[in-house]
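Each remark here refers to the structure printed beneath this line.
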Protein chains: 2
Amino acid sequence: MLWLYFRIFFLRMNKREFKDKVYGELAKVSKAMSNPHRLEIIDLLAQGPFTVEDIASYTGLSVANASQHLQTLKSSKLVKISRNGNYINYSLAGENVFNAWTALRELGLVYNAEVGKTVNEFRAGFGDMDCIDADQLSKLVEEDKVILLDVRPEEEYNRGHVHRAISMPIEQLGAKLKNLSKSKTIVAYCRGPFCVYADDAVALLKKHGYKAQRMKEGFPDWALKGYPVDQ
Amino acid sequence: MLWLYFRIFFLRMNKREFKDKVYGELAKVSKAMSNPHRLEIIDLLAQGPFTVEDIASYTGLSVANASQHLQTLKSSKLVKISRNGNYINYSLAGENVFNAWTALRELGLVYNAEVGKTVNEFRAGFGDMDCIDADQLSKLVEEDKVILLDVRPEEEYNRGHVHRAISMPIEQLGAKLKNLSKSKTIVAYCRGPFCVYADDAVALLKKHGYKAQRMKEGFPDWALKGYPVDQ
DNA sequence: AATCTATTCAATAATTATATTGAATAGATT
DNA sequence: AATCTATTCAATATAATTATTGAATAGATT
């Protein structure tokens with residue numbers, strides 16, 4: 001025991017100790033992300049701050065369980081909190097968290113056959129679901145060739161949205177449908193590639209005779225790529 | 001049980017099932033990375049293929065244990081194998097693996113105080129260790145203002161190295177030192193920010209009166225950034 | 001065909017992660 | 001000051017991860 005303190009205080013760190021420490025700390029960060037529910041929470045928080053209650057309800061977790069997962073994320077510095085009245089708002093600790101999540105997501109989509117297969121199967125359940133990626137869409141937006149719908153809750157739209165997009169929360173789309181012109185293709189986007197709001201929107205639009213597509217990615221991906229954002 | 005099969009085969013996947021599956025698969029990928037030894041292995045394999053034996057010896061693991069970790073990485077499609085005589089060579093499954101590792105590394109370095117602190121403390125043990133990052137270095141290389149030393153094993157240099165760099169494996173540096181001019185600053189680089197070859201090189205060079213720095217990142221980071229590469 | 005050897009497997013014990021439950025807490029609101 | 005409530009904590013049982021050991025295997029080499 002004394003010897004340990006001696007090493008720590010008086011000897012310089014040796015190479016193996018250094019590597020064990022560094023890779024060990026990074027593994028802790030990775031471990032904090034290595035849970036389905038926590039990944040879903042990170043993906044949600046990419047939209048902005050949410051309360052524990054909202055997070056629990058969106059992810060289908062009990063409040064206590066959501067809270068515990070949030071504690072795990074917080075102690076790894078992946079999320080931060082701010083209080084608002086009785087509520088505590090959780091949000092991502094910074095841009096690097098979303099970057100790491102995106103890198104993991106792409107890794108899964110490219111090398112893990114299950115992920116791609118699951119997404120395709122799910123989309124197939126909606127009939128022929130046309131997707132357009134952010135890069136292609138950015139050109140169409142520039143040329144004003146599409147109507148863009150942000151089908152996330154209005155609060156998220158207000159925090160920032162794709163240039164020229166209209167706020168059309170999915171639960172209002174049915175009622176407001178008649179105001180939409182059929183002259184242009186409609187592109188809906190939402191929180192991310194695993195968010196189903198845009199799928200629901202496209203299905204509804206197609207049912208009413210519109211030409212509709214969804215953006216493959218979500219708003220945070222669009223913003224990260226540096227494409228024009230309003231608000 | 002029968003009901004389960006019914007759901008799987010005849011009903012389309014519901015939203016919760018879809019999300020559970022997607023985030024679950026991605027969490028598996030993340031879990032495969034969430035171990036200190038496996039992160040070190042990924043970091044090593046970013047240089048190219050290595051045998052189980054070499055990986056075990058470099059990381060200080062038993063062969064059986066290294067093999068098990070490699071199986072974990074392989075079954076998550078993070079690494080692939082190719083046979084060479086009696087040996088099996090492991091290498092990264094593709095560029096996205098390195099991207100994800102880099103994103104995690106940056107995440108740790110920025111938000112986890114322990115990681116940065118450990119690196120700084122370790123470097124401090126070498127005296128005043130000057131670091132230069134790839135972006136700054138790229139300009140100096142372009143203007144031919146530095147002597148660049150690749151202090152990794154020669155085999156790795158041969159697979160690809162920074163434009164204009166000289167191969168100078170760390171264990172040969174002492175003997176070949178006298179051939180190096182003192183007219184320019186010497187910059188050493190190695191496998192990555194947690195590799196100590198470049199630190200050893202800089203320490204040795206400074207001891208002999210050279211002006212020396214290490215590149216903060218490693219060769220794979222240089223290449224990923226699109227800076228000039230030879231071979 | 002027999003041998004050799006790098007790698008993998010299987011079994012084990014010890015450690016760590018997880019969801020659930022119900023109680024505790026902190027800090028607004030009244 | 002008392003009450004209220006969103007959030008956290010603590011305890012628990014179950015499940016998953018890990019390093020070690022020694023045996024098994026696959027596929028080169030002889």
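Reminder, nothing fancy here: chain letters follow the sequence lines and each chain counts from 1.
- Taking atom CG of B:Asn89 as the reference point, atom P of C:dT8 lies 11 Å away to the nearest angstrom.
- Residues B:Tyr157 and B:Met168 form no side-chain contact, since every pair of their non-hydrogen atoms from C-beta on lies 4.5 Å or further apart.
- Remark: B:Asn65 is not in phosphate contact with D:dT18, judged by side-chain N or O atoms under 4.0 Å from OP1 or OP2.
- The side chain of A:Gln68 approaches C:dT21 more closely than any other nucleotide in the set D:dT18, D:dA19, C:dT21.
- Residue B:His37 places its side chain closer to D:dA19 than to any other of D:dT7, C:dT7, D:dA19.
- Of all nucleotides listed (D:dA19, C:dA28, D:dT21), C:dA28 comes nearest to the side chain of A:Asn86.
- The side chain of A:Val63 sits closest to D:dT8 out of D:dT18, C:dA6, D:dT8.
- Side-chain contact between B:Phe126 and B:Asp200: present, with at least one pair of heavy atoms (C-beta onward) separated by less than 4.5 Å.
- Of the candidate nucleotides C:dC9, C:dA28, D:dT7, C:dA28 has the atom nearest to the side chain of A:Arg83.
- Ranking C:dT8, D:dT17, D:dT7 by closeness to the B:Lys31 side chain, first place goes to D:dT17.
- For the pair A:Leu73 CG and D:dT8 C1', the computed distance is 15 Å after rounding to whole Å.
- With rounding to whole Å, A:Gln71 atom CD is found 13 Å from C:dT25 atom C1'.
- Across the protein-nucleic acid pair, A:Leu61 atom CG and D:dA6 atom C1' stand 16 Å apart, rounded to whole Å.
- With no hydrogens or angles considered, no side-chain donor-acceptor pair links B:Tyr111 and A:Lys80 at under 3.5 Å.
- Ring geometry for A:Phe18 versus B:Phe194: interplanar angle over 60°, hence perpendicular rather than tilted (30 to 60°).
- Rounded to whole Å, atom C1' of D:dA28 lies 12 Å from atom OH of B:Tyr87.
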Pairs counted as Watson-Crick or G-U wobble with both distances under 3.5 Å: what dot-bracket string results for DNA chain D, using | for bases tied to another strand? ||||||||||||||||||||||||||||||
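- Rounded to a whole Å, the CG atom of B:Leu70 is 13 Å from the P atom of D:dT18.
- When the C1' atom of D:dT20 is taken as reference, atom NE2 of B:His69 falls 11 Å away, rounded to whole Å.
- The 5' end of DNA chain C is approached more closely, in terms of each residue's nearest nucleotide, by B:Lys74 than by the other of A:Arg38 and B:Lys74.
- Residues A:His161 and A:Asp230 have side chains that never bring a donor and an acceptor to within less than 3.5 angstrom of each other.
- Residue-to-nucleotide proximity on DNA chain D shows that, of B:Thr72 and B:Ala64, the 5′-proximal contact is made by B:Thr72.
- Computed from coordinates, the A:Glu53 CD to D:dA6 P distance equals 5 Å when rounded to whole Å.
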Stepwise salt bridge (Lys or Arg N to Asp or Glu O under 4.0 Å) test for A:Asp43 and A:Arg105: CA-CA 10 Å; A:Asp43 205 11; A:Arg105 205 186 67 192; 5.2 Å; no
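- Between B:Tyr227 and B:Trp222, the ring planes are tilted. Angles from 30° to 60° get that label.
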